[in-house]
Amino acid sequence: MSQNQSPKPVYRAYALHNFRKLPQVADRLDERTLHEIEVVGHVLPFKVNNYVADELIDWDHIPDDPIYRLTFPHRDMLSEAHFALMERTLKETADKVERRKVANQIRLELNPHPAGQMSHNVPELNGIKLTGMQHKYRETVLFFPQQGQTCHAYCSFCFRWPQFVGMDELKFAMREAELLVAYLKAHPEVTDLLITGGDPMVMKAHRLRACLEPLLEADLPHLRNIRIGSKALAYWPYRFLTDDDADEVLRLFERVVQSGKHLAFMAHFNHPRELQPEAVRRAIARIRNTGAEIRTQSPLLRHINDDAGAWAAMWREQVKLGCVPYYMFVVRDTGAHDYFAVPLAEAHQIYRDAYRQVSGLARTVRGPSMSAHPGKVCVLGTTRVAGEKLFVLTFIQARNPEWVGRPFFARYDEQATWLDELEPAFGHPAFFFEAELMAGQSLN
Ligand SMILES: *Cc1c(COP(=O)(O)O)cnc(C)c1O
Ligand code: SF4
């Protein structure tokens, strides 16, 4: 596996303490913008790196540039009141503990744990809570390896943000791959394991091996698919090209494929720009050469990709590069949600306008989909029945597999951005799944 001749790119991270040293920031941002980044960055996570700054952000078009919006804090990501409170606190005290107290107070008002993700889906084995795992849907288990709980850069919309600002420190994480194997052995209904984070691809190859090898060595015929959720192709493609253990990572992928399991690399891309650099294209080709399949997903985000043309371009390019478009998500109701939210009606319009533009090979994508407490709810469209304007919805995934694929209706609401803002159609008191959902709280 020969490398190119250019010098090996060295990863450099920039966060609140050093972002002013980033050459483009020093050159282009005025003092007021720097101040706003500092205020917002004390509440929401902020990390960017040299690849994102050099290859992805178009500095001639800041602050509207989509990748700049994706990675840099913006004043409007906080409400006037929260911004003013954090700003005043920074001015009045240099005491870290005091600043943190105020920041946490604001964070708690930003719905840090939507969809019951912390409390509802943690599985148990012989009475032990497996805090590094989630098991919400029958066939898929999520695993959060302890060393993979960060990313090469942070997305300003991230729904896992509480863990990056130290609110949820390591609550998710679990060191023992043996417990994972034991749990899977005890659950023959599980066909899929999704290794996620943060970004598991920030892990060194030997750590990734420590997660994957026990799974291959254990006798788990029911485990068919191993997925790795990652944004590394977009934020640091050199992970698969020139990092010291890049080849070792790819050999590990090959070994998973050779063991007879399907390896699905679930790549997170938010904008077609992220597919343009030569480095990401070569990284995609190298991953595909191992026999792994790359599937792609992203939320729909105001200021970043709220445009059918961007989605169509992204899906087309992905298919051309051999990736399979998988999900368009509705951005979750947490963190800077007001800043990024796109109403469901508009989201569906964008989805449809994009879907219509691409060939059947890109129409593997589904959405817009909300990962809500009862399941993944997809907006199929809008219609009118007996004079009432409606949303047609369906479950792509559900706590109860019986709910999947059954269309249901909600009253049309042009402003609604999430399932909990929708009301059942035809004057029904509740959606069909609600009584069972309330009764089944023990069901993880
Ligand atoms: C999306 C998701 C999965 C995977 O669902 P698929 O439809 O199989 O991709 C599994 N667990 C959770 C909690 C999820 O949100
Ligand atoms: S890559 Fe994923 S986990 Fe990491 S910051 Fe972005 S959305 Fe969050």
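As the structure lists them, so they are numbered: ligands from 1, and atoms in each ligand from 1. Residue numbers count from 1 along this sequence.
- A cation-pi geometry, defined here as NZ or CZ lying under 6.0 Å from the six-membered ring centre and within 45° of its normal, holds between R363 and Y355.
- Ligand 2 lies nowhere less than 4.0 angstrom from a heavy atom belonging to G197.
- Listed by atom number, the atoms of ligand 1 under 4.0 Å from L142 heavy atoms are 10 (C), 11 (N), 12 (C), 13 (C).
- Taking atom 2 (Fe) of ligand 2 as the reference point, the nearest protein heavy-atom neighbour is H268 ND1, 3.8 Å.
- Taking the charged nitrogens against the carboxylate oxygens, R255 and E213 do have a contact shorter than 4.0 Å, which makes a salt bridge.
- Aromatic ring orientation, Y327 versus F329: tilted (interplanar angle from 30° to 60°).
- For the pair R160 and ligand 2, no heavy-atom separation below 4.0 Å is found.
- The protein heavy-atom contact nearest to atom 14 (C) of ligand 1 is K376 NZ, 2.9 Å.
- One finds the CD atom of E274 at 3.5 Å from the NZ atom of K231 (value rounded to the nearest 0.5 Å).
- Close N/O approach between R366 and ligand 1 is not found [any backbone or side-chain N/O within under 3.5 Å].
- Close N/O approach between R227 and ligand 1 is found [any backbone or side-chain N/O within under 3.5 Å].
- At least one N, O or S atom of C155 sits under 2.8 Å from atom 6 (Fe) of ligand 2.
- Close N/O approach between Y327 and ligand 1 is found [any backbone or side-chain N/O within under 3.5 Å].
- Stacking of R286 on the aromatic ring of F240 is not recorded, the 6.0 Å distance cut-off and the 45° axial limit not both being met.
- At the shortest separation from atom 1 (S) of ligand 2 among protein heavy atoms lies K231 CB, 3.4 Å.
- Scanning the protein for heavy atoms near atom 8 (Fe) of ligand 2, the closest one is C158 SG, 2.2 Å.
- Counting heavy atoms from C-beta on, the side chains of H271 and R273 come closer than 4.5 Å.
- Residue F164 has at least one heavy-atom neighbour below 4.0 Å for each of these atoms of ligand 2: 3 (S), 5 (S), 8 (Fe).
- Ring geometry for F432 against F408 counts as perpendicular: the plane angle is over 60°, on a 0 to 90° scale with 30° as the lower cut.
- For ligand 1, the atoms sitting less than 4.0 Å from at least one non-hydrogen atom of Y326 are 6 (P), 7 (O), 8 (O), 9 (O), numbered in the order shown with element in parentheses.
- Of all atoms in ligand 1, listed by their number and element, those nearer than 4.0 Å to a heavy atom of T140 are 10 (C).
- Close approach to C151 involves these atoms of ligand 2, each under 4.0 Å from a residue heavy atom: 1 (S), 3 (S), 4 (Fe), 5 (S).
- Salt bridge present: E248 and R209 bring a charged side-chain N and a carboxylate O closer than 4.0 Å.
- Of the protein's non-hydrogen atoms, the one nearest atom 12 (C) of ligand 1 is Y137 CE1, 3.5 Å.
- In this structure, a donor-acceptor pair under 3.5 Å is absent between the side chains of R69 and N305.
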Exercise for the section: Before giving the answer on ring pair (Phe, Tyr, Trp, His ring centres under 6.0 Å), spell out for H348 and F391 the whole-Å C-alpha distance, their side-chain angles and the decisive distance to 0.1 Å. Expected result: CA-CA 10 Å; H348 178 260; F391 281 120; 8.4 Å; no
